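Basis for what follows: all heavy atoms, side chains included, without hydrogens, waters or symmetry-related copies. Throughout, numbering of the chain's residues begins at 1 and tracks the sequence. Note that the structure is a prediction, hence the values are computed from the model and not measured.
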Amino acid sequence: MTQELFLQDSYLKEFEAGVEELEGREVTLDATAFYPGGGGQPPDKGTLSVGPVHASVVDARREGGRVVHVLDRAIPNTVKKLRGELDWDRRFAHMRYHTALHVLSGVIWKGFDAKVTGGQMHADRARMDFSFPGEWTAEVVGEMEGLANEALAEERPVRVYELPREEALRNPDLIRTQINLVPERVKRIRIVEIEGLDTQADGGTHVANTIEVGELEITGHKSKGRQNKRLEFALR
C-alpha cells in the first residue's frame, strides 16, 4: 500500500519514502506526493533521487492500493529509499485549474440548473462539459464567465474532509455530482468544498483559497448536441 501524501497536503513539494518494489523503470514507494491522475487531473511529474542516482518521473498511475511511478531510466535495484520532488509549477497549475473547474461547476449549477458531465485540465487550459437545458448564446457564456470570476475573487476557502459513505449519499449536492459512482468498497468519501458555492466528492489536489486561482477567461464554447455543451477556458 502507498500512503498518498497529496490527500492530506496538496502543497507538499518534496518527501522521502522507502522503496517497496522496483522493476525496470517502475518504482512503488511506501508513500508519495505524486498524484497518479484521475478525475480529469493529469498525473504529476518530477524527480526521484538518492545520492548520485537521479531519474525523472514521467508518469504515475494507481494499481490497486499502490501508486506506481514510471521513470525515464532504470535505477539500481539496491536502492532502498528515495527523495521525491514534484515539478511544482506544473502541479500548482493543475491545482488552480481543478479549483477553477469546481467554481465553474458551482456557478453553472446554482445559476443555470445545469449538471456537469465531464472535465479535463492541463497546465495551461481546461474544459468542462455539462447538460444545459436553456438557450445557448454568447451572452449566457459571458454571464457564466462573469459569475465565475466574481466567485473566484471572493476569497472563498477550499476545505477538504471526509464523510462516511452513508452520510455523503444523503447530501443532495453530492448526489448531483454522481457520488454513487464511487466504488462501494470506499466507506469514507473525500469531499472538496468551496465555501458557499460547491461541494463534490473528489480525490484530486486543490488550492486553499479561490483567490489563488486568478482570473478565468473562456476561450471557446461549443454545442455538442441538443443539451450537451462545452466551455474551454484559460487562467490569467
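Summarising the geometry of Ala123 relative to Ala93, their closest heavy-atom pair is O-CB, 3.5 Å, with the distance given to 0.1 Å. Of all non-hydrogen atoms in Ser105 and Val116, the two that sit nearest each other are OG-CG2, 3.4 Å. Pairing each heavy atom of Ala201 with each of Ile191, the nearest pair is CA-CD1, 4.2 Å. Between Leu12 and Leu86, the shortest heavy-atom distance links the atoms O-CD1, 3.4 Å. Residues Leu152 and Gly214 come closest through the heavy atom pair CD1-O, 3.5 Å. Taking every heavy atom of both residues into account, Gly39 and Met121 meet most closely at O-CE, 4.1 Å.
Formation of a donor-acceptor pair under 3.5 Å by the Thr2 side chain with backbone atoms of Val67 is found in this model. Looking at His69, its side chain does come within 3.5 Å of a backbone N or O of Val27 through a donor-acceptor pair. Thr199 contributes no side-chain N or O that, together with a main-chain N or O of Glu193, makes up a donor-acceptor pair within less than 3.5 Å. Under the 3.5 Å distance criterion, the side-chain polar atoms of Arg156 are matched with a main-chain donor or acceptor of Glu195. For the pair Arg96 (side chain) and Glu212 (backbone), a donor-acceptor distance under 3.5 Å is present. Of the possible donor and acceptor atoms, none in the side chain of Arg91 sits under 3.5 Å from a partner among the backbone N and O of Pro43. Ser56 places no side-chain N or O within donor-acceptor distance of the main-chain N or O of Val58, the cut-off being under 3.5 Å. No side-chain donor-acceptor contact under 3.5 Å links Asp30 to the backbone of Ala17. Side-chain atoms of Arg83 never come within 3.5 Å of backbone atoms of Ser49 as a donor-acceptor pair (strictly under, hydrogens ignored). Put simply, the side chain of Asp72 never gets that close to the backbone of Ala55: no donor and acceptor are under 3.5 Å apart.
In the displayed structure, Arg226 atom CZ is contacted under 6.0 Å by at most 12 heavy atoms of other residues, nucleotides or ligands. For CD of Glu23, the number of neighbouring non-hydrogen atoms (other residues, nucleotides, ligands) closer than 6.0 Å is 12 at most.
Atom CG of Asn149 sits about 13.5 Å away from atom CE of Met144, to the nearest 0.5 Å. Interatomic distance, CG of Leu29 versus CG of Leu48, reported as 6.0 Å (0.5 Å rounding). Atom CD of Gln200 sits about 11.5 Å away from atom CG of Asn171, to the nearest 0.5 Å. Atoms CG and NE2, from Asp124 and His94 in turn, are 8.5 Å apart once rounded to the nearest 0.5 Å. Between the CZ atom in Phe233 and the CD atom in Glu215 there is a gap of 12.5 Å [rounded to 0.5 Å]. Separating the CG atom in Leu22 from the NZ atom in Lys80 is a distance of 9.0 Å, to the nearest 0.5 Å.
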Stepwise side chain to side chain contact (heavy atoms under 4.5 Å, CB included) check, Ile75 with Leu82
CA-CA 11 Å; Ile75 61 175; Leu82 286 164; 3.8 Å; yes
Would you sort out whether Arg66 and Met1 count as a side chain to side chain contact (heavy atoms under 4.5 Å, CB included), showing the intermediate values?
CA-CA 5 Å; Arg66 308 184 311 151; Met1 293 287 289; 5.9 Å; no
Side chain to side chain contact (heavy atoms under 4.5 Å, CB included) between Leu235 and Leu216: does it pass, once the steps are laid out?
CA-CA 5 Å; Leu235 297 178; Leu216 179 154; 4.1 Å; yes
Give the intermediate values and the outcome of side chain to side chain contact (heavy atoms under 4.5 Å, CB included) for residues Val213 and Val103.
CA-CA 10 Å; Val213 172; Val103 167; 5.8 Å; no
Ring pair (Phe, Tyr, Trp, His ring centres under 6.0 Å) between Phe130 and Trp136, intermediate numbers included
CA-CA 12 Å; Phe130 52 96; Trp136 187 238; 5.7 Å; yes
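For His206 and Thr99, the side-chain atoms include at least one donor-acceptor pair closer than 3.5 Å. At a cut-off of 3.5 Å, with distance as the only test, no side-chain donor of Thr210 or Glu154 sits close to an acceptor on the other residue. A side-chain N or O of Asp202 and one of His98 form a donor-acceptor pair less than 3.5 Å apart. Side-chain contact check for Glu20 and Thr28: no donor-acceptor pair (N or O, by modelled atom type) lies under 3.5 Å. Side-chain atoms of Ser223 and Lys229 form a donor-acceptor pair, as typed in the model, at a separation below 3.5 Å.
Contact annotation: the side chain of Val192 never approaches that of Arg159 to less than 4.5 Å [non-hydrogen atoms, C-beta and beyond]. At a threshold of 4.5 Å between non-hydrogen side-chain atoms, the residues Thr205 and Gln41 count as touching.
Salt-bridge check for Arg230 with Asp129: passed, with a basic side-chain N closer than 4.0 Å to an acidic carboxylate O. Salt bridge Lys187/Glu166: absent, no basic N to carboxylate O contact under 4.0 Å. In this structure, Glu167 does not pair ionically with Arg170, as no charged nitrogen and carboxylate oxygen lie closer than 4.0 Å. No salt bridge links Arg125 with Glu232; every basic N to acidic carboxylate O contact stays at or beyond 4.0 Å. Under the 4.0 Å criterion applied to side-chain N and carboxylate O atoms, Lys45 and Glu85 are not assigned as salt-bridge partners. Arg188 has a carboxylate O that lies under 4.0 Å from a charged side-chain N of Glu162, or vice versa, which qualifies the two as a salt bridge. A salt bridge links Glu26 to Arg61: one of the charged nitrogens lies within less than 4.0 Å of a carboxylate oxygen.
Aromatic rings of Tyr97 and His122 (six-membered ring for Trp) have centroids beyond the 6.0 Å cut-off, not under it.
Criterion: ILVMFWY side-chain heavy atoms under 4.5 Å apart, direct or through other members. Under it, Leu147 and Leu231 are part of a common hydrophobic cluster. Two different hydrophobic clusters hold Ile194 and Leu7 under the rule that ILVMFWY side chains link at heavy-atom gaps under 4.5 Å. Hydrophobic cluster membership is shared by Ile108 and Leu197, with clusters built from Ile, Leu, Val, Met, Phe, Trp and Tyr side chains linked at under 4.5 angstrom. Side-chain heavy atoms closer than 4.5 Å link hydrophobic residues (I, L, V, M, F, W, Y) into clusters, and following such links, even through other members, never connects Ile211 to Leu104. There is no path of hydrophobic side-chain contacts, each under 4.5 Å, that joins Phe6 to Val160.
Between Phe132 and Phe112, the ring planes are tilted. Angles from 30° to 60° get that label.
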